[in-house]
Amino acid sequence: AKKRRWWLLAPTVVVALGACVASMVVPNRYESEATILVEHQQVPERYVTPNSTSDIREALLIMTEAILSRTQLLQIINEDGLYPNDRKRLDPEELVDLMRSKVSIQPIGKGAATENLNAFKVSFTGADPHLVQEVTSRLTTLFIQENLKSREQQSAGTTDFLAEQL
């Protein structure tokens with residue numbers, strides 16, 4: 001080992017220096033993640049029949065399309081000042097596509113079946129940790145508001161139908 005110490009020491013130093021240089025060159029990436037829990041009806045069905053029987057995965061897809069729409073994302077990009085350097089060279093559609101690539105929405109469940117879906121994660125990746133957290137918070141708020149709006153519309157539709165039938 002004494003005779004060949006340079007065979008061990010030289011590669012170790014080179015790898016350590018390479019790792020230090022790579023860590024300085026590679027840009028920082030931060031990811032903020034929020035988990036939204038899906039709660040089902042709290043009142044037992046024998047007392048109150050649920051008036052919304054939509055599939056949870058289908059509702060999540062519809063909400064995702066509404067929230068990741070061009071107008072919603074452009075509003076977030078403009079209000080939060082996202083991608084200041086890219087705004088000069090990219091058109092709005094490319095900015096929206098860039099943001100969509102940084103947003104991730106993943107269902108969380110105990111199995112592959114729809115009835116086991118009990119939560120989903122919303123995450124956003126970017127270079128500024130505070131801005132990333134703020135955008136994730138806004139996306140989470142948009143999901144909650146969209147869910148409340150759709151439930152309100154379903155309940156109003158059911159109420160109107162029942163009132164018509166009476």
Side-chain angles (χ1 to χ4, degrees), residues 8-42 50 52-155:
L8 296 172
L9 192 59
T12 305
V13 170
V14 169
V15 168
L17 287 175
C20 288
V21 169
S23 70
M24 288 183 220
V25 172
V26 175
N28 293 334
R29 290 286 161 215
Y30 299 94
E31 182 177 22
S32 178
E33 182 176 275
T35 302
I36 300 176
L37 180 65
V38 178
E39 288 191 11
H40 299 285
Q41 180 175 334
Q42 299 294 324
S52 65
T53 58
S54 65
D55 180 26
I56 294 172
R57 289 191 191 271
E58 183 180 317
L60 179 60
L61 283 174
I62 291 169
M63 285 191 299
T64 300
E65 286 179 15
I67 290 166
L68 297 183
S69 68
R70 182 180 191 275
T71 54
Q72 289 280 5
L73 293 183
L74 276 177
Q75 182 179 2
I76 292 172
I77 289 170
N78 291 331
E79 289 178 3
D80 291 336
L82 294 174
Y83 314 117
N85 298 331
D86 294 331
R87 282 189 197 190
K88 298 170 188 167
R89 62 181 178 83
L90 297 176
D91 65 348
E93 195 61 43
E94 291 173 322
L95 284 173
V96 168
D97 289 339
L98 178 63
M99 185 166 178
R100 279 187 188 132
S101 70
K102 306 289 183 186
V103 174
S104 172
I105 300 162
Q106 300 172 337
I108 303 170
K110 296 175 186 165
T114 303
E115 59 271 0
N116 291 332
L117 179 66
N118 59 2
F120 62 95
K121 285 185 182 181
V122 177
S123 63
F124 180 72
T125 306
D128 180 11
H130 299 291
L131 194 57
V132 168
Q133 191 276 328
E134 185 176 325
V135 170
T136 304
S137 176
R138 284 193 65 181
L139 290 171
T140 304
T141 302
L142 286 173
F143 266 102
I144 293 169
Q145 288 173 348
E146 188 69 27
N147 182 39
L148 290 174
K149 186 170 73 173
S150 91
R151 284 186 180 222
E152 182 180 338
Q153 289 173 349
Q154 282 180 339
S155 294

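This one's a predicted model, so the numbers in the text were calculated from it and none came from an experiment. Side chains included, hydrogens not; waters and symmetry mates left out as well; all remaining heavy atoms used.
Interatomic distance, N85 CG to R87 CZ, rounded to the nearest 0.5 Å: 10.5 Å. The CG atom of D97 lies 11.0 Å from the CG atom of L68; values are rounded to the nearest 0.5 Å. Taking CD1 of I67 as the reference point, atom CZ of F143 lies at 4.0 Å (rounded to 0.5 Å). In this structure, the separation between CG on L142 and CD on Q75 is 8.0 Å, given to the nearest 0.5 Å.
Residues forming a side-chain contact (heavy atoms from CB on, under 4.5 Å) with E94 (at least two apart in sequence, or on another chain): L90, D91. In this structure, the side-chain contact (heavy atoms from CB on, under 4.5 Å) partners of D80, at least two apart in sequence or on a different chain, are I76, L82, L131, E134, V135, R138. Evaluation of the side-chain contact (heavy atoms from CB on, under 4.5 Å) rule for I144 yields T140, L148 as partners, not counting sequence neighbours. Every side-chain hydrogen bond (donor to acceptor under 3.5 Å, both in side chains) that R70 has, sequence neighbours left out, goes to E93. Qualifying side-chain hydrogen bond (donor to acceptor under 3.5 Å, both in side chains) partners for D86, counting only residues two or more places apart in sequence or in other chains: R89. The side-chain hydrogen bond (donor to acceptor under 3.5 Å, both in side chains) search around E33 returns K121, not counting sequence neighbours. Residues satisfying the side-chain contact (heavy atoms from CB on, under 4.5 Å) test with S150, not counting sequence neighbours, are N147. Remark: Y83 engages no residue in a ring-ring contact (aromatic ring centres under 6.0 Å, His included) (not counting sequence neighbours). By the side-chain hydrogen bond (donor to acceptor under 3.5 Å, both in side chains) test, Q106 is found to be paired with no residue, residues two or more places apart in sequence or in another chain being considered.
Contact detail for S101 and L98: the closest heavy-atom pair is OG-O, 2.6 Å. Residues A127 and P129 share a closest heavy-atom pair of O-CD, 3.8 Å.
Taking the charged nitrogens against the carboxylate oxygens, K149 and E146 do have a contact shorter than 4.0 Å, which makes a salt bridge.
Judged as a salt bridge (charged side-chain N to carboxylate O under 4.0 Å, His left out), not a single pair has a partner in residues 14-23 (not counting sequence neighbours). Note on residues 8-24: no pairs pass salt bridge (charged side-chain N to carboxylate O under 4.0 Å, His left out), not counting sequence neighbours.
Using modelled atom types, one side-chain atom of T64 and one backbone atom of L60 make a donor-acceptor pair closer than 3.5 Å.
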Only distances under 3.5 Å count here; give the side-chain donor-acceptor pairs of residues 16-32 to other protein atoms, sequence neighbours excluded, each with its distance to 0.1 Å.
from	atom 1	to	atom 2	distance (Å)
S23	OG	A19	O	3.4
S23	OG	C20	O	2.8
E31	OE2	S123	OG	3.2
S32	OG	T136	OG1	3.4

